[in-house]
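Here the structure comes first, spelled out in structure tokens, and everything after it is commentary.
Everything numeric here is computed off the predicted structure, so don't read it as measured data. Here is how names work: the chains are called A, B, and so on, in the same order as the sequence lines, proteins then strands, and each is numbered from 1.
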Number of protein chains: 2
Amino acid sequence: MSKCRINNEIRKLRFLSNEMTQQELADRTGVTRQTIVAIENGKYSPTLELAFRIAEVFKLPLEDIFTYQTDDDGKK
Amino acid sequence: MSKCRINNEIRKLRFLSNEMTQQELADRTGVTRQTIVAIENGKYSPTLELAFRIAEVFKLPLEDIFTYQTDDDGKK
DNA sequence: ACACAGTGTCAAATATTATTTACATGAAGT
DNA sequence: ACTTCATGTAAATAATATTTGACACTGTGT
């Protein structure tokens with residue numbers, strides 16, 4: 001198919017949320033800090049469930065945090 | 001925390017999409033039919049990546065297909 | 001009766017993601 | 001210099017998602 005990737009705004013959103021630390025986001029989503037680090041840095045993408053929990057912390061729709069990039073998405 | 005679950009409208013959407021079969025959705029998302037069955041029937045939730053691919057097939061935002069139910073979600 | 005398409009399920013194997021533990025760096029404060 | 005805090009990384013392990021292959025059930029058509 002295509003090399004589609006998932007980007008996320010977690011790091012940005014942490015800082016906009018009163019500079020929330022990785023540890024706090026980890027606590028609030030029920031995972032370890034290392035998991036947050038891995039996701040922020042694109043090591044792998046989270047399960048749908050974790051993605052929803054993160055979205056909930058920031059009180060944003062999931063797609064405001066994670067974006068899926070397709071090839072035909074014509075971004076220049 | 002809470003027993004939060006992820007529901008999906010895949011089965012419904014397949015029928016609304018010209019009665020697409022599980023096999024066709026599987027082909028279009030690059031997974032096996034068993035994976036689609038398991039997700040439709042709530043055996044487990046897909047990875048974020050697969051969720052995005054499914055959303056793409058139906059040309060709908062991810063959150064129109066998968067919904068996360070929280071305890072405090074809109075309950076009075 | 002027979003074949004076939006669509007679906008459900010099950011078990012075992014593989015792939016991917018999550019967790020733990022531990023160590024490292026830089027910035028800020030004492 | 002020393003400590004604390006936030007962050008990055010790596011390896012081993014646990015947990016979950018996905019695949020493979022098989023078999024069964026129902027409805028439809030021949």
Side-chain angles (χ1 to χ4, degrees), chain A residues 1-58 60-71, chain B residues 1-58 60-71:
Chain A
M1 271 261 154
S2 41
K3 36 168 164 222
C4 308
R5 261 213 301 265
I6 293 180
N7 298 337
N8 73 78
E9 309 285 328
I10 295 179
R11 175 168 281 265
K12 205 172 301 177
L13 288 169
R14 278 198 300 113
F15 283 89
L16 293 180
S17 288
N18 206 26
E19 306 210 357
M20 181 188 306
T21 66
Q22 292 174 334
Q23 184 63 62
E24 185 174 348
L25 178 55
D27 290 342
R28 292 230 245 162
T29 51
V31 298
T32 60
R33 184 177 65 83
Q34 283 81 346
T35 297
I36 300 297
V37 174
I39 294 170
E40 268 191 16
N41 297 351
K43 302 283 184 177
Y44 50 74
S45 19
T47 57
L48 186 56
E49 200 166 336
L50 179 52
F52 269 116
R53 269 184 271 146
I54 293 173
E56 195 175 27
V57 168
F58 293 119
L60 285 173
L62 195 149
E63 289 182 305
D64 278 12
I65 302 176
F66 298 94
T67 54
Y68 185 65
Q69 306 212 331
T70 61
D71 287 354
Chain B
M1 276 212 113
S2 42
K3 37 170 179 194
C4 307
R5 284 221 337 272
I6 293 181
N7 298 337
N8 73 78
E9 308 286 327
I10 296 180
R11 175 168 280 267
K12 205 173 299 178
L13 288 168
R14 277 198 301 113
F15 282 90
L16 293 179
S17 287
N18 207 26
E19 308 209 359
M20 181 188 305
T21 66
Q22 292 175 334
Q23 184 63 63
E24 185 174 349
L25 178 56
D27 291 343
R28 292 230 245 162
T29 51
V31 297
T32 60
R33 185 177 64 84
Q34 283 84 340
T35 297
I36 299 296
V37 175
I39 294 170
E40 268 192 15
N41 297 352
K43 302 283 186 182
Y44 52 71
S45 24
T47 57
L48 186 56
E49 200 166 334
L50 178 52
F52 268 116
R53 269 184 270 146
I54 293 173
E56 196 175 27
V57 168
F58 293 119
L60 286 174
L62 195 150
E63 289 182 307
D64 278 12
I65 302 176
F66 299 93
T67 54
Y68 184 63
Q69 306 211 331
T70 61
D71 290 350

To the nearest 0.5 Å, tell me how far B:Leu25 CG sits from B:Ile54 CD1.
5.5 Å
Whole-Å gap separating [atom2] ([N]) and [atom1] ([X]):
X       : N      : atom1 : atom2 : result
B:Lys43 : C:dT7  : NZ    : P     : 16 Å
B:Ile39 : D:dT16 : CD1   : C1'   : 12 Å
B:Arg14 : C:dA5  : CZ    : C1'   : 13 Å
A:Glu40 : D:dT7  : CD    : C1'   : 9 Å
B:Phe15 : C:dA5  : CZ    : C1'   : 13 Å
B:Glu49 : D:dT16 : CD    : C1'   : 16 Å
A:Gln22 : C:dA27 : CD    : P     : 16 Å
A:Leu25 : D:dA6  : CG    : C1'   : 14 Å

With the threshold set at 4.0 Å, does a side-chain nitrogen-carboxylate oxygen contact exist between B:Arg14 and B:Glu40?
yes
Salt-bridge test for A:Lys12 and A:Glu9: reply yes if a basic N is under 4.0 Å from a carboxylate O, no otherwise.
yes
From C-beta outward on [X], which listed nucleotide comes closest to its side chain: [options]?
X       : options                : answer
B:Thr21 : C:dG8, C:dT17, C:dT7   : C:dT7
A:Thr35 : C:dT7, D:dT19, C:dT19  : C:dT19
A:Gln34 : C:dT20, C:dT17, D:dG8  : C:dT20
B:Thr32 : D:dT20, D:dG8, C:dT17  : D:dT20
B:Tyr44 : C:dT17, D:dT18, C:dT20 : D:dT18
B:Val31 : C:dA18, D:dT18, C:dT17 : D:dT18
B:Asn41 : D:dT18, D:dT9, C:dT9   : C:dT9

Would you check if the side chain of [X] reaches a backbone N or O of [Y] as a donor-acceptor pair within less than 3.5 Å?
X       : Y       : answer
A:Asn8  : A:Ile10 : yes
A:Arg53 : A:Thr29 : yes
B:Thr21 : B:Glu24 : yes

Can you give me the bend angle of the helix from C:dA1-D:dT30 to C:dT30-D:dA1? Use the axis through the first five pairs and the one through the last five, nearest 10 degrees.
20°
pair B:Ile36-B:Val31: side-chain heavy atoms closer than 4.5 Å:
yes
Given that B:Thr47 and B:Gln23 both sit by DNA chain C, which one's nearest nucleotide is further toward the 5' end?
B:Gln23
Closest non-hydrogen atoms of A:Ile39 and A:Pro46, given as atom of the first, atom of the second and distance, are CD1-CB, 3.5 Å
Compare side-chain N and O positions of A:Arg11 against OP1 and OP2 of D:dG8 and report whether any pair is under 4.0 Å apart.
yes
Measure distances between side-chain N and O atoms of A:Arg33 and base N and O atoms of D:dG8, and say whether any donor-acceptor pair falls under 3.5 Å.
yes
